[in-house]
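In what follows, every chain begins at residue 1, and chains take the letters A, B, ... in the order their sequences are listed.
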Number of protein chains: 2
Amino acid sequence: MAEQTRWLTEREQRAWLAFLAMERLLDEALDRQLQRDAGMSHAYYRILAILSAAPNHTLRMSELAEQDRASQSRLTHAINRLEQAGWVRREKGATDRRVVHAQLTEAGYEVLRQTAPGHVEAVRANLFDQLSEEQVDQLRNICEAVLTKLEADHGPARVPRRD
Amino acid sequence: MAEQTRWLTEREQRAWLAFLAMERLLDEALDRQLQRDAGMSHAYYRILAILSAAPNHTLRMSELAEQDRASQSRLTHAINRLEQAGWVRREKGATDRRVVHAQLTEAGYEVLRQTAPGHVEAVRANLFDQLSEEQVDQLRNICEAVLTKLEADHGPARVPRRD
DNA sequence: TGCCAGAGGTTGAAAGTTCAATAGAAGTGT
DNA sequence: ACACTTCTATTGAACTTTCAACCTCTGGCA
């Protein structure tokens, strides 16, 4: 024991602080744009976008949660809201009565269609327009590397066997 | 008008989705670690860490908000909590009676001191250990570029002159 | 002095998120 | 058939964040 802490190097520290700041400001910028132009949060936009890419604009709650990297509880609450807004509809599974399917409504698809261009423009303006093509690939590689680690750690919600 | 939307390219799309997923999982991982080992959220840790780096472990509310990239309201609420926990103390400005100084208490410094190694280890394990040295610099450059843009847009709360 | 616009913070309510507990349905074995 | 366990999703309470309204103090200026 008594390993001494491997503190962050100067360069790591700078990268980390820049990342934290950038992440917060970027999220806020996207939220502000969507809230202003569509009365919708980025969180909800993401859900609608994921649904719109699914077959029949429909996904089971758990599948939706996984693609959104959100907890099931978070999704339940979010879908409650989106249902109230008339943008998503719930339907119980026909075969397995435990599952619930969330489906984009016409209105939901429409609002997404109208909102998407402004949102994409904001993502461009704030992120991709600031980066070279190389940097876009660098960013992807960095995120995918970290993602791999995070999902390896986290995916195993199924307990590690010891038999 | 009627500009047609510049949708994201395939590569941009992949970078964007990876970024969103990574950001969410990383935040959750850090929050879980701090919550588990110290009963503290990452949001609070950040505030304590910023204060600990300030002269006399003290900062005005607005300065703290700026360094944390948080709204003043958010900070007020957070400092309320941290004050209840006994980790931060408020003090009114002596000269300008409007300002409030937030100061780390002994207990606050102590909890930060004990918590920091575990947190740094988590940041390392989840982020920097997954990256090459080059990638660390790439990440910093990317984040700083985006940050520059975001702060240029946002800093000007002071209205853009047109005289 | 006295008015007032603006700066610095706080407040309370609404909305969003987390966490642990729960309900209900489907498999599993006896 | 029955009891058990697991899977899927929801619930409600506690906590966090946002948003707009508000309070207090300062500095400018007539």
>> So if I define the base as every atom that isn't primed, P, OP1 or OP2, how would nucleotides 10-16 of chain D read as a B/S/- string at a heavy-atom cutoff under 4.0 Å?
In response: BBB---S

Rounded to whole angstroms, how far apart are [atom1] on [X] and [atom2] on [N]?
X	N	atom1	atom2	result
Arg60(A)	dC7(D)	CZ	P	12 Å
Asp27(B)	dG16(C)	CG	C1'	15 Å
His42(B)	dT18(C)	NE2	P	15 Å
Gln35(B)	dA20(C)	CD	P	10 Å
Arg97(A)	dT8(D)	CZ	C1'	13 Å
Glu63(B)	dG9(C)	CD	P	10 Å
His101(A)	dT8(D)	NE2	C1'	11 Å
Ile79(B)	dG9(C)	CD1	P	11 Å

> Hey, does the side chain of Arg74(B) come within less than 4.0 Å of dT18(D)'s phosphate (OP1/OP2), counting only N and O?
Replying inline: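 Affirmative; the distance criterion is met.
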
> Can you tell me if the side-chain N/O atoms of Ser62(A) get under 4.0 Å from OP1 or OP2 in dA9(D)?
Replying inline: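 Indeed, a polar side-chain atom of Ser62(A) lies that close.
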
Heavy-atom check, side chain of [X] versus side chain of [Y], under 4.5 Å:
X	Y	value
Asp153(B)	Leu25(A)	no
Leu26(A)	Phe19(B)	yes
Val136(A)	Thr9(B)	no

> Should the pair Tyr45(B) and His119(B) be assigned to parallel (<30°), tilted (30 to 60°) or perpendicular (>60°) ring geometry?
Replying inline: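 Aromatic pair Tyr45(B)/His119(B) classed tilted.
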
>> Under 4.0 Å between a side-chain nitrogen and a carboxylate oxygen: does that hold for Arg124(B) and Glu121(B)?
In response: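 The answer is no: the pair does not qualify as a salt bridge.
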
>> Quick check for you: among dC25(D), dA25(C), dG9(C), whose closest atom lies nearest to any side-chain atom of Asp96(A)?
In response: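 Selected nucleotide (nearest to the side chain): dA25(C).
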
> If you check every side-chain atom of Ser71(A), which of dG9(C), dT26(D), dT18(C) has the closest atom?
Replying inline: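 The closest nucleotide is dT18(C).
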
> When you look at CD of Glu133(A), are more than 12 heavy atoms from neighbouring residues, nucleotides or ligands closer to it than 6.0 Å?
Replying inline: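 12 or below, so no.
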
>> Test: side chain to side chain donor-acceptor pair (under 3.5 Å). Region: residues 62-71 of chain A. Which pairs qualify, not counting sequence neighbours?
In response: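 Counting only pairs at least two positions apart or across chains, the side chain to side chain donor-acceptor pair (under 3.5 Å) contacts touching residues 62-71 of chain A are Arg46(A)-Asp68(A), Arg60(A)-Ser62(A), Glu63(A)-Gln67(A), Asp68(A)-Arg24(B), Arg69(A)-Glu151(A).
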
